[in-house]
Amino acid sequence: MTEGLVLDDPSLLVERCLIGGRFVGDPVEPVVDPATGRTIARVPRLGAEAATAAVEQAQAAFPAWAARTAKERATVLRAWFEQIRAHRADLALILTSEQGKPLAEALGEIDYAAAFVEYYAEEAKRVAGETLASHRADARILVTREPIGVIGAITPWNFPAAMITRKVAPALAVGCTALVKPAPETPLTALALGELAVRAGLPPGVLNIVTGDAAAIGAVMTGHPAVRVVSFTGSTEVGRRLMAQAAPTVKRVALELGGNAPFIVFDDADLDAAVEGAIAAKFRNMGQTCVCANRLYVQDAVHDAFASRLATAIESLQVGPGTEPGVAQGPLINARALAKVEAHVADAVAGGATVALGGRRHPRGGTFYAPTLLIGATPTMRIAREETFGPVAALFRFTDEEEVIAQANASETGLAAYVYTRDLGRAFRVSEALEYGMVGLNTGLISTELAPFGGVKQSGHSREGSHHGLEDYCTLKYVLVAGLRRAGG
Ligand SMILES: NC(=O)c1ccc[n+]([C@@H]2O[C@H](COP(=O)([O-])OP(=O)(O)OC[C@H]3O[C@@H](n4cnc5c(N)ncnc54)[C@H](O)[C@@H]3O)[C@@H](O)[C@H]2O)c1
Ligand SMILES: O=C[C@H](O)CS(=O)(=O)O
């Protein structure tokens, strides 16, 4: 039984894939509301044939879209931004219904996703080349930035709107065309964005969205000769696989992968600010963000005070379906996610940690998990070495700067880190010593379309957001303009 979503515009519940400007495919694959376990819609389960058709549509659309002026592309992107903004409430309800996050967070994500479209509509007009000092008097060095061509984008379920526009907006802005494969858990948000792009006047084939067999669709993206870039956001494990698959055709692979963020509280920190930042960095999206604080390091002198205040703040987090007023914590995305969280807590307790709060499934049942505070975590525990991706705050004690920097850097990933201190010298020493792509200094929220988002080590190396976010989709062309001497000169 499909449970109806009550939308202001019911046509935004799209159950077909977008290929060449047409919505196609039979809706067979259920999309489940993680809060209720009920099917809210169905989408097509397409594969290699559809993905190939979509790539060919994108390839056919590329020359005309790339030939448009930057201003013309900017106008279409701006219209898409306006469409997203006009349908913000419906998009947020669709997002919460398939992903589970609280409606307030879903509205925030729609605004964040729209901000990428707005930003790159503006940046489209600022993509520039350069002339360089020439090695010849009769010649000039010209460098132009060109759209690289057809791009493939594969996105995760935790931010079903923003992870798509963070790739597609810059790609379309510079003149590329795209095939998107959204996560199977959250296809409806992607398809609704596709519908709004069509309404905004995006020409057929510029944006294609295919749901279904991930491995088969991914194999087409990484193997088809017309695809120039594969832009992937998701787990490090899948990122590695796609990188290997793309090697035979030497494609550019843009990777935004997993995290394991340290959150460091020094003894001179503003503890109230640190607690507020910890709640934001740890419990946003029920802990299911790549930049979530995964390890909370607290200096000895303030450890107990911080733990006590954090416990009070965690206790105030209301748990329930994301559509319920006042809810701050929804369900986890699925049973697999719940099992991983339970395994991390069990491993920590077995290793000597104590459960100060939560540490169990929530009485709401299903995949709801009680927001949890663990005390006495140690570096050998799974929660220290792996991305938990759930609402579990694990506290680690530390004594001095050198010790905590070494512990914080002892990770294969390097996406985001957070530091709370009011000592300016320490702030610079520590943020410069941390091997991470992004550092929040006295803040737990760093994500914005205006900054380059990305990591180092096995978190991937791409940057999305800011003008840097254009680079994955551009290629530089060097033209040596010679023969400039006067005839006979
Ligand atoms: N760095 C970032 O910006 C960022 C942002 C969000 C999430 N993430 C990471 O993503 C992970 C959680 O998301 P997830 O569970 O959806 O990750 P995932 O890697 O399981 O899936 C991500 C996407 O890859 C697809 N996929 C899976 N196997 C594939 C294959 N063999 N070929 C082609 N596509 C395939 C999935 O269908 C989905 O669309 C976490 O590790 C999180 O840290 C990173
Ligand atoms: O999961 C991480 C995403 O990048 C979401 S956000 O950019 O941190 O909001």
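Atoms within each ligand, like the ligands themselves, are counted from 1 in listed order. All values derive from a computational prediction rather than experimental measurement.
- An N or O contact shorter than 3.5 Å links S235 to ligand 1 by distance.
- Rounding to the nearest 0.5 Å places OG of S466 at 10.5 Å from CD of E464.
- For the residues S447, G437, G218, C290, the heavy atom positioned nearest atom 2 (C) of ligand 1 is part of C290.
- Contacts between E464 and ligand 1 below 4.0 angstrom, taking non-hydrogen atoms only, are absent altogether.
- Of all the heavy atoms of M438, none lies under 4.0 Å from any atom of ligand 1, so neither backbone nor side chain is involved.
- For ligand 1, the atoms closer than 4.0 angstrom to any heavy atom of T233 are 2 (C), 3 (O), 4 (C), 5 (C), 6 (C), 22 (C), 44 (C).
- With a 4.0 Å heavy-atom cut-off, ligand 2 is reached by no atom of E109.
- One side chain, N285 or Q99, offers a donor N or O that lies under 3.5 Å from an acceptor on the other.
- For E387, every heavy-atom contact with ligand 1 shorter than 4.0 Å involves the side chain, none the backbone.
- Nearest to atom 3 (C) of ligand 2 among the protein's heavy atoms is C290 SG, 3.4 Å.
- In terms of protein heavy atoms, atom 8 (O) of ligand 2 is closest to S447 OG, 2.8 Å.
- For the pair K101 and F159, the cation-pi criterion (under 6.0 Å, within 45° of the ring axis) is fulfilled.
- The closest protein non-hydrogen atom to atom 7 (O) of ligand 2 is Y112 OH, 2.7 Å.
- Residue-level proximity to ligand 2 for R284 is carried by the side chain, the only part with a heavy atom below 4.0 angstrom.
- Residue contacts with ligand 2 include R166, since one or more of its heavy atoms lies under 4.0 Å from the ligand.
- Counting the atoms of ligand 2 from 1 in the order shown, those under 4.0 Å from a heavy atom of T289 are 1 (O).
- In this structure, atom 37 (O) of ligand 1 has protein heavy atoms in its sub-4.0 angstrom surroundings.
- Residue-level proximity to ligand 1 for F159 is absent, since no heavy atom of it falls below 4.0 angstrom.
- Using a 4.0 Å heavy-atom cutoff, G460 is absent from the residues neighbouring ligand 1.
- When non-hydrogen atoms are compared, ligand 2 lies under 4.0 Å from neither the backbone nor the side chain of N285.
- Ligand 1 has at least one atom lying under 4.0 Å from a heavy atom of W157.
- Residue nearest to atom 23 (C) of ligand 1, selected from T289, T155, L257: T155 (by heavy-atom distance).
- Close approach of ligand 2 to V291 is summarised as follows: ligand atoms under 4.0 Å from at least one heavy atom of the residue are 8 (O).
- Within a 6.0 Å radius of CD in E122, other residues, nucleotides and ligands contribute more than 12 heavy atoms.
- We find the CE-OG1 distance between M243 and T222 to be 13.0 Å, quoted to the nearest 0.5 Å.
- Residue-level proximity to ligand 2 for M163 is carried by the side chain, the only part with a heavy atom below 4.0 angstrom.
- At a 4.0 Å heavy-atom cut-off, ligand 1 does not touch S459 at all.
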Worked verdict on R88 versus L107 for side-chain contact (heavy atoms from CB on, under 4.5 Å): CA-CA 7 Å; R88 175 177 185 261; L107 286 164; 3.7 Å; yes
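- Proximity of N158 to ligand 1, defined as any heavy-atom pair under 4.0 Å, is confined to the side chain (atoms from C-beta onward).
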